[in-house]
Asks: 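What follows is a single structure, and I will ask about it in a moment.
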Amino acid sequence: MNRDVLCYGTVLAGSVFFLFAAKDIAVTEASLASSAFFPRILLGALVALSATGLYKTVRAGAGGKGQKIHSPLLVMLGLCVGFIALLHLAGFVIATTAFIFTASLYMSADYSAKNIALMAGLGFTIAFGINYVFINILMFILP
């Protein structure tokens, strides 16, 4: 099986799963932009992009490498889906640290020990800074 087909199929299956799981997000107010609005938009875009990528890869033929469309965008959308899933399981600080660390490391493409330590420190500092602002200034407890 083509590697691209497997990757796009896995992303498509995971995003469809999380799209249906987003129906269980508690709606805080009855409006268009409720608490479930952003995850549904994000997951809908991920479903559309991964389905398009799967279609183009299959259409290119099993013998060819296939066309890679928007692979950095798919990676970032996948990281956002992972952030939303981890936010529910591990909490804001851990999920935000993991998201900022992986996203910034992916975008930098420099995997030296110094850069990995810098990105981990950056993710940790930003996550705790945002958490501090929300708890102490805005008086709002994050999950």
Asks: How long is the straight-line distance from CD1 of Ile116 back to CZ of Phe101, given to the nearest 0.5 Å?
Replies: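 Atom-to-atom, Phe101:CZ and Ile116:CD1 are 6.0 Å apart.
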
Asks: In chain order, what residues pass the ring-ring contact (aromatic ring centres under 6.0 Å, His included) check against Phe83, with sequence neighbours excluded?
Replies: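 Testing Phe83 for ring-ring contact (aromatic ring centres under 6.0 Å, His included), a comparison that skips the adjacent residues, returns Phe99.
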
Asks: Can you sort out the partners of Leu118 under side chain to side chain contact (heavy atoms under 4.5 Å, CB included), two or more places apart, ordered by chain and number?
Replies: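 Here the qualifying residues are Asn115.
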
Asks: If the condition is side chain to side chain contact (heavy atoms under 4.5 Å, CB included), which residues does Thr97 pass it with, not counting sequence neighbours?
Replies: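 Counting only residues at least two positions away or on another chain, Thr97 forms a side chain to side chain contact (heavy atoms under 4.5 Å, CB included) with Val93, Phe124, Ala127.
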
Asks: The criterion is side chain to side chain contact (heavy atoms under 4.5 Å, CB included); which residues satisfy it with Leu86, sequence neighbours excluded?
Replies: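 Once residues adjacent in sequence are excluded, the partners of Leu86 under the side chain to side chain contact (heavy atoms under 4.5 Å, CB included) criterion are Ala90, Ala95, Ala98.
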
Asks: Hey, can you pull the donor-acceptor pairs under 3.5 Å for the side chains in residues 128-142, sequence neighbours left out?
Replies:
none

